[in-house]
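Structure, as structure tokens:
From a predicted model like this one, the values you see are computed outputs, not experimental measurements.
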Amino acid sequence: MSIPDKPTLDGLEERWNASWEANGTYRFDRSRSRDEVYSIDTPPITASGSLHVGHVFSYTHTDLVARYQRMRGREVFYPMGWDDNGLPSERRVQNYYGVRCDPSLPYDPDFTPPAGGGTSKEQLPISRRSFVELCDRLTAEDEKSYEAVWRRLALSVDWSAPYRTIDARSTAISQKAFLRDLARGNAYKAEAPTLWDITFRTAVAQAELEDRDRPGAYHRIGFPRSDGDGVISIETTRPELLPACVALVAHPDDERYQPLFGTTVRTPLFEAEVPVVSHYLAAPDKGSGIAMICTFGDLTDVVWWRELQLPTRAILGEDGRLLAEGPAEVDATVYARVAGKTVHAAREEIVAMLRESGALEGDPSPITHPVKFYEKGDRPLEIVTTRQWYIRNGARDEDLRAALIARGEALSWHPPHMQVRYEHWVNGLTGDWLISRQRFFGVPFPVWYRLGSDGAADYDNPIVPDEAALPVDPSSDCPPGYDEAQRGKPGGFTGDTDVMDTWATSSLTPQIAGGWTFDDDLMSRVFPYDLRPQGQDIIRTWLFSTVVRSHFEFDSLPWTNTAISGWILDPDRKKMSKSKGDVVTPISLFEDFGSDAVRYWAASARLGTDAAFDTGQMKIGRRLAIKLLNASKFALTFGATPDAAAVTEPLDRSLLAALGEVIADATAAFDAYNHTAALEVAETFFWTFCDDYIELVKERAYGSRGDEAAASAKAALGTTLSALLRLFAPFLPFVTEEVWSWWQEGSVHHAGWPTADELRSAAEGDSGLLGLVGVALSQVRGAKSSAQVSMKTDVAHAVVRGAAADLDRLRAAADDLAAAGRIASLTFEPAESENLTVDVTL
RNA sequence: GGGCGAUUAGCUCAGUUGGUCAGAGCGCUCGCCUCACACGCGAGAGGUCACUGGUUCAAGUCCAGUAUCGCCCACCA
């Protein structure tokens, strides 16, 4: 045993991390069978972003469970994943190296990134393969810095086997899962109006939308009736879409417009003849009660267009500019004035023309209205008709929808109310899951298309590779039976150029981490997983999509439990902004308070509840860790030894009896994924142990009442300290490991979780006695406090009054009470009152 | 407009199935250099448990409604 003279938290993190690494403390033993394993489907994190306190918060919650289960004897499968495909990495590479991807460029094997990096003004166009290589290289660097933070936080992951969602195996697994969904008919390609981000020039999915309030203006525009009998006035916030107008629509019950249904009007300026139609989605109380339908201004236009079987007059290109050629029905001369303009410029031009022609009625009236954005974009989404890949999600299939909702019901949610978020999302789905993106750094769709003699692609009958050939890159690999010379040639083939949405890959994390089809032995030991920890914001994306993929491939849930962490809020109760979160970096918190203290703060928040960013809580955690050092040191200097059988004194038996209750409560709490309750009971007990119990027995432990009484105290101290260190180990892994090392063999993190059994018969002691003595001791201290004298001041005489039954119990610990209070003469007198009081004569 | 959650001491939060539940810590006040800890110890003061009704012998605890805050969804002419 070696106890430092001055125990300190300094240096514990480096020392024990090195030890854990050297000893493989958190290494997964894959020889263990499924029922011995506790497996966690860790959220893979995007390392090219920035780690902030919110991540520290939720990942700590997961680690608490991992450490608890490990101590319970389960072999914990807790991998770390890096989710580095997708836009964040692309943007970081563009800025870092000063390059941009130009897929039309051939690959240059000797390419090296420009020396100036992100400082050069012009982004250097590079080939797709080079671009992907840079993404790979930079994200690998980013992952190292993230790993350092996670290690400092003491996440007990097995660092020998992290996975990356962009590596060859993940790519192969993504492609294989996709091909199987394709074969089952659960994945399909379709040409349809698609929400489109004009900045990134890619389609986006329903789950990635967000509304933002933007200023706009109602423009009242008169449409001349074809019969010459006046005009019909509509209001629109998007006058630039006038050339895309295909109809006017009003509600079927709207008497104002009923006579007009079936007639036609002419679009102002553009002179296209369009019908007046009816549809129940038209709102009589909005604007003038009649709207123009354009292809496409918003999602309602898409519904009208589809259900009313209207023609398509597309005017917007994928770059967000008006097409060079307008629809055939519109006046080409007028259209030429807006062709090629941005939406904004076209709006100004058309409004000017409308005003000039007199079709604009009055001045536009400004409004603020919600507009759909891609969550990572900064320009409003447009709707463009494109060919995209989809995966069925129940939106258009009631049986599938019901089956997926049933999966949600079968999953254990922590906290339970999070399940309704899942159900609402599934019930509110309006379309299948759009998984294709027109980007570069992602998993390519493993398909090719035959080109006809006219050079047109046959999209309905894609060529797919053999599973054994995966991963493939259809833009550089050839489909079976073709050679590279036939690429892009009539009669030859062309590769699909799209990549999968990041969720299409991350929906497969159980398969990727478990080595599905690559290491089925491992997969069989971890799947279905025990736990999916994640944030509430991605229930609709990550959680749901993982359930969908598992449902199709395995006809089962991917996990039995899901633990949902809340948000970190600013002190002003707002969701903590990225910018603020970046200012307070996790590393600076570790340095200021210590990792254990930061973990304590995170552990103090229940699953599913939002928590305030609170350095005060971290200070308390730090205080707890320091107290653990000092109290342990003190107890051990007496020669504390775990030996419950030697505990004979009533006060000592009371301590162990109370400890037994704490162990039972903490265990039940952890089993219910309620880590805050587990921490709370341990913490409360620990402070009582320090402030009351140790004070009460230290004289006796020094030997004031003989060897046997001292031995009982030492055994109680040792037994309790051992259990306390283990109860705190999931929360404060560094300080508990440090103290454990002073007097025990091995790692506390592999020591068994404490049980009532190890307390022996002492667990049957009077668990309330310690508290009762504590009340009396507090009164004695109070007397000294009001006399403004030191606690070591002698008390000449003290009389304890209270219920006779309480006094009888107290007498069993009278000597300890007298010693702690330095009471020369202690007597007991029954009283009427139930309340325990002590009259103190100094 | 629909849904979910929250609303308990100045602050951050506990309060399981209704009956010592009115609590903890921080902060504050007043003391104490007590031989583990001054990064400490002790003792105090602080709340009509958001509001309004209801059920009950009994309600922070159940029901209904209201208000405020947060989030999700819908609406986007």
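Following rounding to the nearest Å, A:D537 (CG) and B:rG70 (C1') show an atom-to-atom distance of 14 Å. A straight line from CD of A:E680 to P of B:rA14 spans 9 Å, rounded to a whole angstrom. Taking atom NZ of A:K619 as the reference point, atom P of B:rG27 lies 8 Å away to the nearest angstrom. In this structure, CZ of A:R212 is placed 16 Å from P of B:rA74, rounded to the nearest angstrom. Whole-Å rounding puts the A:Y600 OH to B:rC13 P distance at 13 Å. The CH2-C1' distance, from A:W567 to B:rC72, rounds to 10 Å in whole Å. If you take NE2 of A:H424 and P of B:rG3, they are 8 Å apart, rounded to a whole angstrom. Computed from coordinates, the A:L724 CG to B:rA36 P distance equals 19 Å when rounded to whole Å.
Atom name C1', nucleotides B:rA64 and B:rA59: the rounded distance is 15 Å, in whole Å. Here, B:rU17 and B:rC32 have their C1' atoms 45 Å apart, quoted to the whole Å. Straight-line distance between the C1' atoms of B:rG47 and B:rA14: roughly 15 Å, to the nearest whole Å. B:rU61 and B:rA50 have their C1' atoms separated by 16 Å, with the value rounded to a whole Å. Of the C1' atoms belonging to B:rA22 and B:rA9, the separation is 10 Å, rounded to the nearest Å. Taking atom C1' on both nucleotides, B:rU7 is separated from B:rC49 by 10 Å, rounded to a whole Å. Comparing the C1' positions of B:rU34 and B:rU12 gives an interatomic distance of 32 Å, to the nearest angstrom. Going from the P atom of B:rG60 to that of B:rG23 covers 13 Å, rounded to whole Å.
For the pair A:R401 and A:W425, the cation does not sit on the ring face, since its NZ or CZ is not both under 6.0 Å from the ring centre and inside 45° of the axis. The cationic atom of A:R212 (NZ for Lys, CZ for Arg) lies less than 6.0 Å from the six-membered ring centre of A:F373 and within 45° of the ring axis.
Projected onto RNA chain B by closest heavy-atom contact, A:I367 and A:N630 fall at different nucleotides, the more 5' of which corresponds to A:N630.
B:rG25 and B:rC11 make up a base pair, with Watson-Crick or G-U wobble contacts both under 3.5 Å. The partner of B:rU16, taking Watson-Crick or G-U wobble pairs whose two distances both stay under 3.5 Å, does not exist in any strand shown. B:rC62 is paired with B:rG54 under the Watson-Crick or G-U wobble criterion, all donor-acceptor distances under 3.5 Å. Of the nucleotides present, B:rG31 is the one that pairs with B:rC41 by Watson-Crick or G-U wobble criteria, both distances under 3.5 Å. Of the nucleotides present, B:rC69 is the one that pairs with B:rG5 by Watson-Crick or G-U wobble criteria, both distances under 3.5 Å.
When heavy atoms are screened at a 4.0 angstrom cut-off, A:A282 is found touching base atoms of the nucleic acid. Looking at heavy-atom distances under 4.0 Å, A:V420 makes contact with sugar-phosphate atoms alone, never a base. Residue-level contact check: A:Y702 touches the backbone only, with heavy atoms under 4.0 Å from sugar-phosphate atoms and none from bases. At the heavy-atom level, A:Q788 lies under 4.0 Å from the strands shown only through sugar-phosphate atoms. Contacts of A:C690 with the nucleic acid, taken as non-hydrogen atoms under 4.0 Å apart, include base atoms. Among the protein residues, A:T300 comes within range of the sugar-phosphate backbone only, with heavy atoms under 4.0 Å from sugar or phosphate atoms but none that close to a base. Nucleic acid contact class of A:A283 (heavy atoms, under 4.0 Å, all strands): base.
Taking A:D363 as the reference, A:R355 meet the side chain to side chain contact (heavy atoms under 4.5 Å, CB included) condition, with sequence neighbours excluded.
Residues A:I350 and A:L269 share a closest heavy-atom pair of O-CD1, 4.0 Å.
By the rule that a glycosidic angle within 90° of 0 means syn, B:rG54 does not qualify and counts as anti. The glycosidic torsion of B:rG46 lies within 90° of 0, which places this base in the syn conformation.
When ring centroids are compared, A:H279 and A:H251 stay outside the 6.0 Å threshold. Close placement of the A:W601 and A:F57 rings is indicated, their centers lying within 6.0 Å of each other.
In terms of phosphate contacts, A:R606 brings a side-chain nitrogen or oxygen within less than 4.0 Å of OP1 or OP2 of B:rA14.
Listed for the A:R256 side chain is a donor-acceptor partner under 3.5 Å among the backbone atoms of A:P284.
The side chain to side chain donor-acceptor pair (under 3.5 Å) pairs that include a residue from residues 769-788 of chain A are A:D692-A:R781, where partners are two or more places apart or lie in different chains.
Residue A:K286 has its side chain nearest to B:rC75 when only B:rC75, B:rC35, B:rU34 are considered. Which of B:rC32, B:rA14, B:rC37 sits closest to the side chain of A:E695 comes down to B:rC37. Distances from the side chain of A:H417 to the nucleotides B:rG15, B:rG5, B:rU34 place B:rG5 closest. The nucleotide whose nearest atom lies closest to any side-chain atom of A:A631 is, among B:rG15, B:rA36, B:rC35, B:rA36. With B:rU12, B:rU34, B:rG70 as the choices, the nucleotide that has an atom nearest any side-chain atom of A:D614 turns out to be B:rU12.
With respect to A:E680 and A:R606, no salt bridge is recorded, no charged nitrogen being found less than 4.0 Å from a carboxylate O. Residues A:D211 and A:K372 are paired through a salt bridge, judged by an N-O separation under 4.0 Å between the basic side chain and the carboxylate.
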Heteroatom pairs (N/O) under 3.5 angstrom, protein to nucleotides 38-42 of chain B:
| residue | atom | partner | partner atom | Å |
| --- | --- | --- | --- | --- |
| B:rC41 | OP1 | A:K627 | NZ | 2.7 |
| B:rC41 | OP2 | A:R623 | NH1 | 3.1 |
| B:rG42 | OP1 | A:D691 | OD1 | 3.4 |
| B:rG42 | OP1 | A:D691 | OD2 | 3.4 |
| B:rG42 | N2 | A:S785 | OG | 2.8 |

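The only member of A:Y600, A:F734, A:F686 that meets ring-ring contact (aromatic ring centres under 6.0 Å, His included) when paired with A:F728 is A:F686.
Counting distance only, with no hydrogens placed and no angle test, the side-chain atoms of A:D211 and the base atoms of B:rC75 include a donor-acceptor pair under 3.5 Å.
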